[in-house]
Every structure is written in structure tokens, then in C-alpha cells.
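The next block holds one structure in the form of C-alpha cells; read it before the comments.
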There are 2 protein chains.
Amino acid sequence: MIPLVPRAATTSDAFNAVAEPRRRQILNYLADTERSVGDIVSRLGLEQPSVSKHLRVLRDVGLVRAKRHGRHVMYRTNPDAIRPLHEWTKTFERFWVHQLTRIKERAEGKGREPGYDR
Amino acid sequence: MIPLVPRAATTSDAFNAVAEPRRRQILNYLADTERSVGDIVSRLGLEQPSVSKHLRVLRDVGLVRAKRHGRHVMYRTNPDAIRPLHEWTKTFERFWVHQLTRIKERAEGKGREPGYDR
DNA sequence: ATCATATATTCCTATATCGGAATGTGTCAA
DNA sequence: TTGACACATTCCGATATAGGAATATATGAT
């Protein structure tokens, strides 16, 4: 039977790839230096297949690059692929610039702006 | 039976909430002005229940605020909640600053850096 | 060729998630 | 109170996804 409304593919863009906490950890870890899969496994304490699968997702969306080195495969994050996310969040930047007063207010316990109770 | 390894809750943080394209549309639309649910429905051409459900997710993670106004409920995005995403992406900023040459290279068709063929 | 190491893939299962349809709740007006 | 309008929730079915375990592939060493 033909699927009525196929669910949108999820792990096929950077936003979704990054939604997974472990994948963010991996990206953080690979930001400065390239690392082998084994390094990631021991550093983050994850199962090896799990790491490989996450790397696969990250690679498919271009967030990491891989290079074989002997029996090791070295990965490093590709910061350019993160840029679109940065640009999107940046469109909201103007709202939190010069808002030290608001930050102060929240620090004082005032959770929400007046009128917004939900 | 107790679930062996419960999958991590997903729609419970901003990263996941924002991973859904429609939710980003909504956030964009609500960035400048508060809008009613009906406005969002007609503007984005989505089903009303769908919009309500997305708004629910966004509200639960604090990305939007709601205020009742007669029979309408006005929503607006809460930019502060987007800030953590911005901060995270920003940690990669240093890698793409002053990289006009790279951008140029890619425009010339050189997809990946030398050595990274995967 | 064989073995060990490093990494990738496949299979399976439980759960999460989305959309659609139907229904529920709240608010204003007459 | 009844009805209309605005929005929210629930139920359903299809699919996506993550983790675990097992297995496959690739490379280097002997």
C-alpha cells in the first residue's frame, strides 16, 4: 500500500543531525583535531557501532569529513556545514542584543514578560 | 516489561524542536510580531491542529510564549530560548572567519579539502 | 593465507514523531 | 442557553530513529 503521507526525512539535514546530543558531542570533540573512531569511542564512552552510525549520519549531511589512515579512519568536523545553523539562529540576534536589563530581570526571578502567562 | 534502553526524549529541548522545518517557519513568522493561531494557519498553509501541536512543542521548550486575547491566542517567539543554539554554533565560528579563499575555492568546484575524499 | 585490529553495516526491537480526522474546551454574542 | 468561532487535544496509522547484538569489510602484520 502506498504510504498516504510519508513522513519527512529527518536525518537528512544539518538541523536534525545536530538535534541528537551525542552527535553534538562528537562534533565538539572533532572540532579542533581530527580523531579516529576509536578515539571517539573511548573519549565519549559510547559503543563503537553507535559512534560509527552517528558518524555516518554526520557525514551524510556534510557535517564531518573522513580520511582513511592505515586501518584508522580519521574524522574531523566541517565547520562550513554548521554555518547555516549559525545564520538561522543569528536572525534572532537583534532581539537579545542590549538586553542586559532583561537578563537582570530574569536573574531576579521574573520568568516571563508581563502579559505572557502561558 | 521495563523498557531496556528508553530512547532519549526528543521534543524536550530547543535543538530538537527546531529540527522540524515547520517549526522553524513558525518561529520565523512569529519573530517580529505576535500572531494568532489562525494567522499562522493561513500564512503557512498548514492544518490548524498541526499548527497547534507544533506550537505546543515550541511552548514546552520555551521557544514561544502565548497570551490569550479574547478567543484568540497570540503567540510570539521567545528569542532568548534560541540563544543557546546560537552559542553552540558560535563555538565553530573561528573556523569560518577569514576564509574567503576557501569560499572561493568551493565556488571553483573544489568540493573538499585535499586528503578528505569521503 | 591467516590473524588481529579498526571500522562499518545489518537486523531487531522499542519508542518517538508526524499528519489526518475527529472531538474537546473555551470564549463571545445573541 | 444556544450557536458560532478559535484553538487544543486525543486517537490512529505509518514511518523514523536510536541502541544493542551480531556480523561484515578493510587493512596491516606475520
Is [X] near enough to [N] that one of its side-chain N or O atoms lies under 4.0 angstrom from OP1 or OP2?
X     : N      : result
A:R22 : D:dG19 : yes
B:Y75 : D:dA8  : yes
B:S36 : D:dC7  : yes
A:S52 : C:dT7  : no
A:R68 : D:dA26 : no

Rounding to an integer number of Å, can you tell me how far [X] [atom1] sits from [N] [atom2]?
X     : N      : atom1 : atom2 : result
A:K53 : D:dT23 : NZ    : P     : 15 Å
A:L44 : C:dT7  : CG    : P     : 14 Å
A:I40 : C:dA8  : CD1   : C1'   : 13 Å
B:L46 : C:dC18 : CG    : P     : 13 Å
A:R35 : C:dA6  : CZ    : P     : 16 Å
B:K67 : D:dC7  : NZ    : C1'   : 17 Å
A:M74 : C:dA6  : CE    : P     : 13 Å
B:H69 : D:dC7  : NE2   : P     : 12 Å

Can you work out whether A:P49 or B:G38 has the more 5'-proximal nearest nucleotide on DNA chain D? B:G38
Looking at every heavy atom in both A:L58 and A:A17, which two are closest together, and how far apart are they?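 Here A:L58 and A:A17 meet closest at CD2-CB, 4.3 Å.
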Interatomic distance, B:L30 atom CG to B:R65 atom CZ [nearest 0.5 angstrom]: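 Result: 13.5 Å between the selected atoms.
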Using 30° and 60° as the class boundaries, would you call the ring planes of A:W88 and A:F15 parallel, tilted or perpendicular?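 Geometry flag for A:F15 against A:W88: perpendicular rings.
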Sequence-distant partners of A:H72, ring pair (Phe, Tyr, Trp, His ring centres under 6.0 Å), two or more places apart: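 A:H72 satisfies ring pair (Phe, Tyr, Trp, His ring centres under 6.0 Å) with no other residue.
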Going by modelled atom types, is there a donor-acceptor pair between the base of C:dA8 and the side chain of A:Q48 at under 3.5 Å?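 Check passes, donor-acceptor contact within cut-off.
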Given A:T89, which partner from the list B:H86, B:K90, B:R83 fulfils the side-chain hydrogen bond (donor to acceptor under 3.5 Å, both in side chains) test?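 Filter result, single survivor: B:H86.
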Look at the side chain of [X] and decide which nucleotide, out of [options], has an atom nearest to it.
X     : options               : answer
B:R71 : D:dA6, D:dG20, C:dT7  : D:dA6
A:R56 : C:dT9, D:dG20, D:dA6  : C:dT9
B:S50 : C:dA6, C:dG19, D:dA21 : C:dG19
A:E20 : C:dA21, D:dC7, D:dA18 : D:dA18
A:V73 : C:dT9, D:dC11, C:dA8  : C:dA8
B:H72 : D:dA6, C:dA21, D:dA21 : D:dA6

Base, sugar-phosphate alone, or nothing: which one does A:R59 contact when heavy atoms must sit under 4.0 Å apart? nothing
Heavy atoms only, 4.0 Å cut-off, all strands: where does B:H54 land among base, sugar-phosphate and nothing? sugar-phosphate
For a quick check under 3.5 Å, do A:S52 and A:Q48 share a side-chain donor-acceptor pair by atom type?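 Side chains of A:S52 and A:Q48: pair found under 3.5 Å.
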